[in-house]
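Here's the structure we're looking at; comments come further down.
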Amino acid sequence: MTIAQKELAEEITDIGGAYPAATFPADAIGSTMFDAPGSEDGTITVLLPRDNVQKAPAQAMVRIKSRGDNRNYLGVVSAGPFAQPDTMRADSAVMVAIGTRGGDYLPSFHGRIHVTLLGQELDDGTLTPPRLRPLPHSPVFQLNENETAKALKAEGDIAVGLAVGHEKLTVAIPSAAKSVLPRHTAILGTTGSGKTTTVSGLVQQAQAAGVAVVLLDVEGEYTRLNEPTTDPRMVSTLAANGKTPAGLPADSMHLLHLVGRDTTNPKHPCLRPFSLQFARLSPYVVIEMLGMNEAQSDRYLFAYDVTKTMMRRLGIFPQTKEKVGDAEADKQERIFNRLDEFERGYPRMTLSFLLDVVGKCRAAVGKGEEFTCFNKEFKTPEAERMFQELIKSKEMPGVASSWGKVNSLLRRLNRLKVFDRQHSDKGVKFLNYADLLTPGRVSVIDLSDSGMSELNNIAVADVLRGIQEAQEKAYTAFEKETRPEPPRVLIIVEEAHEFLSAERIEKTPNLFNQVARIAKRGRKRWLGLAFVTQLPQHLPRQVLGLCNNFILHKLTDPQVVSTLAKTVPGIDPGLWARLPALAPGQAVVSFGHMTRPLLTAMNPTTCQLRMVD
Ligand SMILES: Nc1ncnc2c1ncn2[C@@H]1O[C@H](COP(=O)(O)OP(=O)(O)O)[C@@H](O)[C@H]1O
Ligand SMILES: [Mg+2]
């Protein structure tokens, strides 16, 4: 021992011996740091010894045992792990020079992570919002997979993917929980980000869970879900996950398309053409969808009113007791009295009846033009007298050009030949909404060839309302114990921005109100809506406001991300920052039952999709 060493040893003994090593638990991976001026509520910085730097990957969960006050906290790694040299700044000239000149000097270093606090853990394991912060130099532990799964609560029978940053943590949705799917979902992401794949996986899993699924397929992408996928990328991704391609179970899928319009899969084993019933459409929603101006809508409502009165007076609806007997006539009278025209149209009013009346009005304001009604009910002298009397007493608005425009809008709709058609020999029927509500049935409604986007929207609105009504009825019967419990229902609206667009929402308040009502009632009646779009900026905020669940695929537009961040709660800045760089099939998944949103590798689909570019 040199003299200097000896003197040092004596000095140490004099002042009480060596400082005892901190008794840090052996299984701790790091400890909390003192707060700095930049510290923020809800997050805390944790330092890791060199050997543990890679033990806390992004999104991993940790437990912090606050030193001294014995409070436990759970948190998630929201940034890092970053490596930092112990005694020098990482960006100091020396470190930069060594790093760039190929020097092999590696100074000792440590790791640093940012942890977002999820809550304080009580003795029985429940999490409560933290009132305080963990104290400095508190030991930090890794949670194992079981503990992580329990804490994140991402459990359920509908598996959607695997959580990124965890070994084998399935992200799933409980199909039975009333507080999850019936509180509605938005699936957002740019083209090619994986939305359609996600939706098809969701459909497949929901079907297996016995949910009745209705998919409004605007592009005809889902018409082959009954077949196994043949996409080579999907097949190999499936193989890597130990799965094999498979279509939906035989007979579980029905493919519906508008009569006279094509489907993208004409060979489907259960193909059903359907027509729409004009009488079901609220006149106010029709006006909005056809984009009528005030002059046109005045005339539309006038003609609508005249048609109604004629139908009533001529006994078309409600029918007379002589024709249908007391019971039926009373029933029709009750329907007549309870009619809410913001919800639906006048029973049995066909587009053809309305066109006849519009044609007659047009002839009446035009100069001497003759018009012959198409419907035999309106061709009688009695009907003619009635009409002439009505246009006088109700003060028909004039201006031939406005009448002409209303006429041409309706004619365009009529030319599509999808309204009010029933051909029993050709199997064409109105949509039977109650039929769609069969447990484990997937009904894909192919609207890819509607020929007119307004018609698509009319069809979507009608299907939404029809299903909601049928579900309401089924629940009433169930409550009176005359029928078994109705199935859980999931309705998926693809290209939702075309149906409910931010640009038009001011002009389509009735449509939005209808959807909002369906969303609200759906919570009580187990009816979940899912809106899918690549243009979330075109979806009104009000629609996102109806949603409690989000699957966010890649979104590149920073403006869109920042707007969403204001609307969608509970997603931390670290996750928002990752959205622009997500790979196809990755998404931030945030559902009502989960403790926090999870970055998720979504499951590849086993079903065949028709890719549109
Ligand atoms: N979960 C996934 N796993 C693996 N690959 C995926 C996944 N989702 C999407 N992809 C890939 O991304 C492509 C585009 O996906 P798609 O679902 O059509 O996106 P979008 O509907 O958003 O346009 C698919 O063809 C596939 O190759
Ligand atoms: Mg798509």
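FYI, side chains are in, hydrogens and waters are out, and symmetry mates aren't considered; it's all heavy atoms of this structure. Whatever order the structure lists ligands and atoms in, that order sets their numbers, starting from 1.
With 3.5 Å as the limit, one finds a donor-acceptor pair spanning the side chains of H553 and T198. Under the 3.5 Å distance criterion, with hydrogens and angles disregarded, a donor-acceptor pair is assigned to the side chains of S448 and D446.
Looking at K195 and E221, no side-chain N of the basic residue comes within less than 4.0 Å of a carboxylate O on the acidic one, giving no salt bridge. The existence of a salt bridge linking E454 and R412 is confirmed by a sub-4.0 Å separation between a basic side-chain nitrogen and an acidic carboxylate oxygen. Salt-bridge check for E343 with R465: passed, with a basic side-chain N closer than 4.0 Å to an acidic carboxylate O.
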Less than 3.5 Å apart, which donor and acceptor atoms pair up between the side chains of residues 569-581 and the rest of the protein, not counting sequence neighbours?
residue	atom	partner	partner atom	Å
D572	OD1	L575	N	3.3
D572	OD2	R596	NH1	2.8
W576	NE1	I571	O	3.0

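Within the 3.5 Å criterion, the main-chain N or O of D435 finds a donor-acceptor partner in the side chain of R441.
Considering only non-hydrogen protein atoms, atom 23 (O) of ligand 1 sits nearest to G192 N, 2.6 Å. Of the protein's non-hydrogen atoms, the one nearest atom 19 (O) of ligand 1 is G194 N, 2.9 Å. Among protein heavy atoms, the minimum distance from atom 4 (C) of ligand 1 is reached at T237 CG2, 4.1 Å. Ranking the protein heavy atoms by distance from atom 12 (O) of ligand 1 puts P584 CB, 3.4 Å first. In terms of protein heavy-atom proximity, atom 7 (C) of ligand 1 is nearest to G585 CA, 3.5 Å. Looking at atom 1 (N) of ligand 1, its nearest protein heavy atom turns out to be M602 O, 2.9 Å. Annotation: atom 9 (C) of ligand 1 to nearest protein heavy atom, T197 OG1, 3.4 Å. Remark: minimum distance from atom 18 (O) of ligand 1 to any protein heavy atom is reached at M611 SD, 3.5 Å.
In summary, the atoms of ligand 1 found under 4.0 Å from a heavy atom of N603, numbered by their order in the structure, are 1 (N). Close approach to R233 involves these atoms of ligand 1, each under 4.0 Å from a residue heavy atom: 11 (C), 27 (O). Shown in contact with T190 at under 4.0 Å from a heavy atom are these atoms of ligand 1, numbered in order with element: 22 (O). Numbered from 1 in the order shown, with element, the atoms of ligand 1 that lie under 4.0 Å from a heavy atom of T191 read 23 (O).
Considering all non-hydrogen atoms of both residues, L225 and Y222 come closest at CG-O, 3.3 Å. Listed here is the closest heavy atom pair of K153 and H593: O-CD2, 3.2 Å.
Heavy atoms of S193 come nearer than 4.0 angstrom to ligand 1 in at least one pair. Not a single heavy atom of V532 sits closer than 4.0 Å to an atom of ligand 1. Ligand 1 has M234 within reach: a non-hydrogen atom of the residue lies less than 4.0 Å from it.
An N or O contact shorter than 3.5 Å links K195 to ligand 1 by distance.
Among the atoms of T196, an N, O or S atom falls under 2.8 Å of the Mg ion (ligand 2).
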Evaluate the criterion side chain to side chain donor-acceptor pair (under 3.5 Å) for residue pair T264 and T223; output intermediate values, then yes/no. CA-CA 7 Å; T264 57; T223 54; 2.7 Å; yes
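Between L455 and the choices V460, L416, L447, the side-chain contact (heavy atoms from CB on, under 4.5 Å) rule is met once, by L416.
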